[in-house]
Amino acid sequence: MLTLPGLIDIHVHLRTPGQEYKEDFYTGTQAALAGGFTTVLDMPNNKIPITTQVLLEQKIELARQNIVCDVGFYFGSLGDNLEEFEKVTNRVRHPRPDRGSINNIGIDSRFRGNDTGVFGLKLYLNPTTGNFLINEEKLIKIYQAWSSNQPILLHCEGETMPMALKVIKATGKKTHICHVSSKEELSAIIEAKNAGLPVTCGVTPHHLFLTEVDAKRLGSYGLMKPYLKTQADVDFLWNNLDSIDLIESDHAPHTKEEKDSDNPPFGVPGLETTLPLLLTASSEGKLKVDDIKRLCHNNPAKIFNIPTDENTYIEVDETKPYTLNPKPLFTKCGWSPFQGKKVKGKVKTVYLRGEKVFDQGQILTKPGSGKII
Ligand code: DOR
Ligand code: ZN
C-alpha cells in the first residue's frame with residue numbers, strides 16, 4: 001500500500017450552476033475523492049460565465065452545500081468586467097496564512113479567514129466550450145487590470161501562444177498555461193522559462209496517454225480542446241517531464257447523448273482515471289512516484305498557493321492490476337475515454353483533515369462536508 005498526500009487538481013469543470021445534467025458539485029467532488037484528489041479548482045466557463053461578483057458568490061454558496069472535497073474557483077473575463085476584479089479582491093487568495101506576510105499596502109494576510117475562494121483568473125484565447133474568446137487588445141487590458149499575485153491561467157494553444165507570451169513579457173504577470181499538448185507549445189514554454197518569464201504549465205492525462213490514433217478509434221469520445229496529438233508530440237511531453245510543472249485533468253464531463261449528437265462538445269472526464277494512469281506509467285518506469293507527488297501535489301500547492309494539511313492523505317494499492325470500468329463510479333457523465341485499459345493503482349482510502357471520507361469505493365461523508373478553500 002502506498003500513502004500519498006491528498007492530490008490537487010487545479011483544472012476541473014464541475015458544470016454548476018447551469019449544466020447540472022452533466023455534473024454537479026456533489027458528483028464531481030465524489031469523483032475527485034474516488035480518484036485520490038482532495039482539492040480541486042473549478043473553471044468559470046459555466047453556462048453563464050462567472051465574470052461578476054454576484055455570479056461568483058452564488059456559485060460559491062451552491063458549492064458550499066454540496067461538496068465532499070475541498071474546492072476553490074477561478075474568476076473569468078471576456079474583457080468587459082474589469083471593474084468586477086476590484087469587487088472580488090477579498091475573495092482572491094492571499095499569501096498562505098501559515099507563512100504570513102505583510103503585503104505592500106500594509107495588510108497582514110496572516111489574519112485573513114481561510115474561506116477565500118478564488119485562486120486565479122482564467123482566460124480563453126482559442127474557441128472551446130462556452131465560447132469565451134478574447135483578442136490581444138482585450139488580453140492586455142485584462143492583464144493590466146488583474147492586480148492579484150495569483151496566476152492568470154490561459155487556454156492558449158497553437159497559434160495563440162506567441163500572442164500570450166508577448167503579453168506575459170510586456171506585463172510580467174504570473175501565468176499558468178493550461179493543457180500543453182504539442183512539442184511546439186512545450187518548446188515555446190521552455191524557451192520562455194529560460195528567458196525568465198513567470199510562466200508555468202500543465203499537461204493533461206489524455207495528452208500523455210492518448211494520441212490522434214486513439215482519437216480515430218474513440219470518435220467524439222476522444223474529442224477535446226486541445227485535440228489529441230501525434231505520438232512524436234506525446235513522446236516530447238514525456239521526455240521533457242522536468243519542464244512540466246503539474247498535471248491537470250481538465251475533467252470536462254459531457255453526456256453520452258451530447259457526445260453522440262451531430263455537434264459533439266469538446267471534453268472528456270478525468271478525475272477518476274488520472275492517478276491509476278500515472279501509477280501504471282510509474283510501474284512501467286516512465287516516471288517516479290516522487291514525480292507524481294511533484295506534479296499532482298507539491299507544485300499545484302506552491303503555484304496556486306493552496307492550503308495543505310498533513311492529515312489529508314490517500315492510501316493506494318499500487319500493485320494489483322485491474323481494468324478501468326466503462327463507467328467510472330461517480331462522474332455523472334458515466335463514461336471514460338480510458339475504459340477497458342489495464343492499469344495498476346486503485347485508491348483504497350482517503351483522509352481529509354484526519355477524517356476517513358472514502359473507503360473501498362464508498363463515500364463516507366455528506367454533501368457539504370468539504371471546504372471552500
Ligand atoms: O475539451 C475541453 N473541454 N477543453 C476546454 O478547454 C473546455 C472543456 C469544457 O469545458 O468542456
Ligand atoms: Zn478546461
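Counting convention: from 1, in listed order, for ligands and their atoms alike.
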Assess the side chains of [X] and [Y]: does a donor N or O sit below 3.5 Å from an acceptor N or O?
X	Y	result
E23	T331	yes
R15	H254	yes
E248	H176	yes
N46	Q19	no

Would you say the rings of Y351 and Y313 are close, in the sense that their centroids are separated by under 6.0 Å?
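Ring centres of Y351 and Y313 closer than 6.0 Å.
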Can the ring centres of H179 and H155 be said to be less than 6.0 Å apart?
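Yes, ring centres under 6.0 Å apart.
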Heavy atoms only, cut-off 4.0 Å: how does H155 contact ligand 1, side chain, backbone, both, or neither?
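Looking at H155 and ligand 1, just side chain atoms fall under 4.0 Å.
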Of the side chain and backbone of N45, name the one, both, or neither that has a heavy atom under 4.0 Å from an atom of ligand 1.
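Looking at N45 and ligand 1, just side chain atoms fall under 4.0 Å.
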Tell me which protein heavy atom sits closest to atom 7 (C) of ligand 1, plus the residue, atom name and distance to 0.1 Å.
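Here the nearest protein heavy atom works out to T128 OG1, 3.3 Å.
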What do you reckon, does A252 have a nitrogen or oxygen under 3.5 Å from a nitrogen or oxygen of ligand 1?
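N/O-N/O distance below 3.5 Å does not exist for this pair.
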Decide whether an N or O pair under 3.5 Å exists between M224 and ligand 1.
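No, M224 has no N/O under 3.5 Å of an N/O on ligand 1.
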Going through the distances and angles, do M163 and L125 end up as a side chain to side chain contact (heavy atoms under 4.5 Å, CB included)?
CA-CA 9 Å; M163 153 172 129; L125 308 190; 4.0 Å; yes
Among the heavy atoms of H254, does any lie under 4.0 Å from an atom of ligand 1?
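It does; at least one heavy atom falls under 4.0 Å.
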Taking only non-hydrogen atoms of R15, do any sit less than 4.0 angstrom from ligand 1?
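Yes; R15 lies near enough to ligand 1 that a heavy-atom distance drops under 4.0 Å.
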Presence of salt bridge, D291 and K288, under 4.0 angstrom
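So K288 does not pair with D291 through a salt bridge.
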Please indicate how many protein N/O/S atoms are found closer than 2.8 Å to the Zn ion (ligand 2), with waters neither displayed nor included.
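Near the Zn ion (ligand 2), the number of protein N, O or S atoms below 2.8 Å is 3.
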Linking I/L/V/M/F/W/Y whenever any side-chain heavy atoms sit under 4.5 Å apart, do L154 and L82 land together?
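Linked, L154 and L82 end up in one cluster.
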